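Basis for what follows: all heavy atoms, side chains included, without hydrogens, waters or symmetry-related copies. In this text, all values refer to a predicted model and were calculated from it rather than measured experimentally.
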Amino acid sequence: MKNIILTAIISFFASMVLAQEPMIINGTTTDEFYQEVVLFEVVNGRTEPIAQSKVVNGKFAFKFFPTYEGFYLLGSTQTQNNAARHIIYGKEKEVLNIAIGGKSYQLNGKNSADNKDLERFQSMLSDMKEGIRLGGPITYVEFYPIVEKLAPQIAPFKTTSKNQAFLSNFEILKDYLFHYYALQFQYLPKRAHPDVEEIISLYKELDHTKYLNENLLTLPFGDSFLMSLVIDAGQQKKYSIKQGENKAQNAIDFIPDATIKGQYIVLLSNNFKSYDDYLRLVEPNRKYLTLADQEKRLNSKLVKLADSKPGDDFIDFTFPDISGKQHSKKSLLGNIIVIDFWATWCGPCKQEEPFYEKLAENYRNQNVKFLAISTDKDKAAWEKYVKAKEGDLNITHLHASNKNILSEAYQINTIPRYMVIDANGKIVTTNSPRPSNVELKNLIDKLIKQ
């Protein structure tokens, strides 16, 4: 009996070893762009590097154990752009023989039907892929006809593979990849922009919600496509993006799939500037964070925001006004402090300026101090702008320049940015609503009553 059990155990572990058969990639390149070739896997809609291979005499190779059957990518360390990477299909026992260049790749020698189908399809989309290459030469005049020509060819594309797992994955990829390339082009910097009547029907008739589902998590461009879909839906007024509204919450409500709502929240966390941002967006929507990976990514962001959470001491600062007089946090203690970070070259800052001036006037005779801290590198431009202001404004203008202690401490990477500090010098919020939003006035009124 013991021998039977021992034999069964040995057989079990032997089968486990045999099951873990590697995938082998034999590659060549003559492109100087590739000093090293990187192998990426897909992790919930984004790509993560899993191996690197130095190019020696024009050759590189990988031998690895795929953690899943599906799409992987080959690319370079010199770019983060997925459009410059090549999608391959990976599974146990797969052998891939490939020659790669900066813009395309070719299979050579013996390869599976899976990867042959994938190569033919990506070759068919090569002109679209070139169109979304940052700095590429194609304008909408050339790009739109490419899209219209390819659109009817996507669904009937013929495959030769008999691998049902590949066919299921590929059926998703071909539709999503085509629309991803098409949508990416719309939001790249361009030399020429189409008039509304020149935009082709594919964009105007796009059903964004069709693609906002968990298929995005299996695709190497999933996160990027998710952001493009949500942005474009807002531009097409499928949810409200009016000034003063909670655009992020409107976008979350628009997304039909709960897990993808959570994924969108994770992506938005890259723009969080404060713990208050985290609370405002994450807490009401925590039920949508259904993946452990989503919680992990949000927690890593939360650690970086810990020093700017409400109740923490706001760091001291000292900046000069137009006359050269220095103003610090310490000199303002005893007052609620409202801060506007802005610059003379910033259009959105100027749009908010009348609202900020009106808000300040409402509290002229109360213990509320309004600061306008300029991040202008050109101090002369700031001085000229401030001196030209008319009237007795209830705002103290200070100059901090573009590199200053507050910008570094509170990650002020975009402006305008508004902050509120209580009378004891404690943080209320390091990213408050804008003055055009009545929520800022409501916040100040609440602090006065405390």
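Atom CG in Asn169 sits 9.0 Å away from atom CG in Asn215 (nearest 0.5 Å). The CD1 atom of Ile100 sits 10.0 Å away from atom OG1 of Thr30, with the distance rounded to the nearest 0.5 Å. Atoms CG and OG, on Leu229 and Ser224 in that order, are 9.5 Å from each other to the nearest 0.5 Å. Rounding to the nearest 0.5 Å places CD1 of Ile241 at 4.5 Å from CD of Gln235.
Salt bridge annotation for Arg417-Glu352: absent, with no cationic side-chain nitrogen under 4.0 angstrom from a carboxylate oxygen. Using a 4.0 Å cut-off between charged nitrogen and carboxylate oxygen, Asp293 and Lys296 do not count as a salt-bridge pair. Salt bridge annotation for Arg280-Glu439: absent, with no cationic side-chain nitrogen under 4.0 angstrom from a carboxylate oxygen. Using a 4.0 Å cut-off between a side-chain N of Lys or Arg and a carboxylate O of Asp or Glu, Lys426 and Asp312 do not qualify as a salt bridge. For the pair Asp127 and Lys149, the salt-bridge criterion is not met [side-chain N within less than 4.0 Å of a carboxylate O]. Using a cutoff of 4.0 Å between basic side-chain nitrogens and carboxylate oxygens, Glu361 and Arg364 are scored as salt-bridged.
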**OP:** Take Phe319 and Asn404 through the test side-chain contact (heavy atoms from CB on, under 4.5 Å) and record every step on the way to the result.
**Re:** CA-CA 10 Å; Phe319 301 126; Asn404 62 78; 4.2 Å; yes
Original post:
Stepwise, does the ring pair (Phe, Tyr, Trp, His ring centres under 6.0 Å) test hold for Phe170 with Phe121?
Top reply: CA-CA 10 Å; Phe170 182 70; Phe121 184 72; 5.4 Å; yes
**OP:** Take Asp445 and Tyr363, measure what side-chain contact (heavy atoms from CB on, under 4.5 Å) needs, and give me the verdict at the end.
**Re:** CA-CA 10 Å; Asp445 290 341; Tyr363 298 94; 2.6 Å; yes
**OP:** Could you walk me through whether Glu383 and His397 pass the side-chain contact (heavy atoms from CB on, under 4.5 Å) test, one step at a time?
**Re:** CA-CA 10 Å; Glu383 290 176 338; His397 281 269; over 6 Å; no
Subject >> side-chain contact (heavy atoms from CB on, under 4.5 Å) between Val282 and Leu289, intermediate numbers included >> reply: CA-CA 9 Å; Val282 175; Leu289 301 172; 4.0 Å; yes
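With a 4.5 Å cut-off on side-chain heavy atoms, Phe314 and Ile339 count as touching. Residues Pro66 and Tyr72 have side chains in contact (heavy-atom distance under 4.5 Å, counting atoms from C-beta outward). Considering only heavy atoms from C-beta on, Arg46 comes within 4.5 Å of Arg297 through its side chain.
For Lys369, the NZ atom sits in a loose shell: 12 or fewer heavy atoms of surrounding residues, nucleotides or ligands are nearer than 6.0 Å. In the displayed structure, Gln366 atom CD is contacted under 6.0 Å by more than 12 heavy atoms of other residues, nucleotides or ligands. At most 12 heavy atoms of other shown residues, nucleotides or ligands fall within 6.0 angstrom of atom CD in Glu32. Atom NZ of Lys237 is surrounded by 12 or fewer heavy atoms from other residues, nucleotides or ligands within 6.0 Å.
For the residue pair Tyr203 / Asp232, no side-chain donor-acceptor distance below 3.5 Å is found, with atom types taken as modelled.
With respect to Phe71, the side-chain contact (heavy atoms from CB on, under 4.5 Å) criterion is satisfied by exactly one of Leu219, Ile88, Thr218, Thr47: Leu219.
Lys261 forms a cation-pi arrangement with Tyr288, by the criterion of a distance under 6.0 Å to the ring centre and an angle within 45° of the ring axis.
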